[in-house]
Amino acid sequence: MKITNHKLAAEAKDFDISFEKTPNVSGEFKDGFPNTIILHYTAGASLESSVVWLKNPKAKASAHLVVCKTGKIVQLAPFNIRTWHAGKSEWKGRKRLNNSSIGIEIDNAGLLEKRVDGYYTNFGKKVADKDIVLAKHKHQEEVKAWEAFTPEQVAAVEMICFVLMQQYNIKEILGHEDISPRRKIDPGPAFPLQNFREKILFGRGDDEVGEKLVAEGKIGVVTADLLNIRTNPTLDAAKAGEPLGKGTKVIVEKTVGEWSFVKVELAGWVSNKWIKKF
Ligand SMILES: [Zn+2]
C-alpha cells in the first residue's frame with residue numbers, strides 16, 4: 001500500500017482499495033495538517049450502506065476512509081481535503097478536530113443490545129458468540145457487549161496508519177471517544193487502540209526495554225517493500241538472510257555512513273535510506 005496524490009493505492013494487490021467521492025467536505029487542510037488520525041466505528045449494517053450514507057448530503061457527515069470486515073477499503077476524499085467525521089471535539093486544547101485529522105470509519109456494529117436469546121446490533125441482527133467482545137469502555141462503569149473487529153480490519157487500519165505516518169506529519173492516533181468523550185464511545189474497547197497506537201507511533205510493545213530503546217532513538221521500521229540485509233556495509237556484500245518486508249521493526253545498533261547495523265531476528269547491514277526512525 002502507498003499514497004499517490006493524497007489517495008491510497010494498492011501495491012502488488014496487497015489491499016482492495018477503491019475511491020468514491022463524497023460531497024461532504026470542506027477545503028484543504030492548512031499547512032502542517034493533518035497531524036492526527038481519528039478512528040471510528042460505523043455502527044452501520046455494512047460497508048456499502050455506510051458508504052452510501054457518508055456520500056449523502058443529508059448525512060452532513062463523512063470520513064476519508066471506510067474499512068470493511070474483509071479488509072477492503074473505500075476512500076471517500078483525498079487526504080489533503082477536510083472531511084466531517086469528528087463533530088464537536090477537543091484534544092489538548094485543540095478544537096474542531098476535522099481541521100486537523102484524517103477520519104477512518106471501521107465497519108463494525110459497536111455496542112450491542114442484550115435480548116433474552118442473545119446480543120443484537122442496533123439494526124436488529126443477532127451477533128454470533130464468536131463475534132462478541134465483553135468489555136468495559138474506559139468512560140463507562142459496567143461491562144457491556146461489543147461487536148469484535150476482524151483481524152483483516154485491524155491489519156488494514158494498521159497499514160493505513162503506517163503509510164499515512166510516512167506521508168504526513170502524524171503525531172497522534174486517537175479514538176472518537178477520546179476527542180468527544182461525553183458524546184461518543186467509538187471505536188470502543190473491542191478495538192486494541194492502545195497496543196495499536198504504541199506499535200504504530202512508537203514501534204514498541206509494552207516492555208521497558210522497548211521504551212528505553214525508543215527513548216534512545218534505536219527503534220526503526222522498514223519503509224521499502226523489500227529491504228536487503230547484508231553481512232557488511234557494502235552493496236556487494238553477501239546477504240545475511242531473506243530481505244526484510246515493509247513495516248518490519250528493527251533495533252538500530254549502530255550507524256556507519258550510509259549504513260545501519262540492525263537486529264531483527266537476524267542481524268546485518270541495511271541502507272539508511274529505507275529505515276525510518278521514531
Ligand atoms: Zn465516530
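Side-chain atoms are counted along with the backbone in the values below, which use heavy atoms only and exclude waters and symmetry mates. Remember, it's 1-based here, ligands and their atoms both numbered in the order they're listed. This one's a predicted model, so the numbers in the text were calculated from it and none came from an experiment.
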A.B. asks: Are the charged groups of Glu152 and Lys69 less than 4.0 angstrom apart, N to O?
C.D. replies: no
A.B. asks: With carbon and hydrogen excluded and only N/O/S kept, which atom of His176 is nearest the Zn ion (ligand 1)?
C.D. replies: ND1
A.B. asks: With under 30° as parallel and over 60° as perpendicular, where do the rings of Phe79 and His64 fit, or are they tilted in between?
C.D. replies: tilted
A.B. asks: If you apply the rule side chain to side chain contact (heavy atoms under 4.5 Å, CB included), what do you find for Ile104 with Val67, and how did you get there?
C.D. replies: CA-CA 7 Å; Ile104 303 176; Val67 181; 4.0 Å; yes
A.B. asks: Is the Zn ion (ligand 1) under 2.8 Å from any N, O or S atom of Glu105?
C.D. replies: no
A.B. asks: Which angle, to 10 degrees, forms at the Zn ion (ligand 1) with OD2 of Asp186 on one side and ND1 of His40 on the other?
C.D. replies: 100°
A.B. asks: Can a salt bridge be assigned to the pair Lys138 and Glu177 using a cut-off of 4.0 Å between side-chain N and carboxylate O?
C.D. replies: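 Salt bridge between Lys138 and Glu177, a charged N being under 4.0 Å from a carboxylate O: yes.
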A.B. asks: Under 2.8 Å from the Zn ion (ligand 1), is there any N, O or S atom belonging to His85?
C.D. replies: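 Checking His85: none of its N, O or S atoms is under 2.8 Å.
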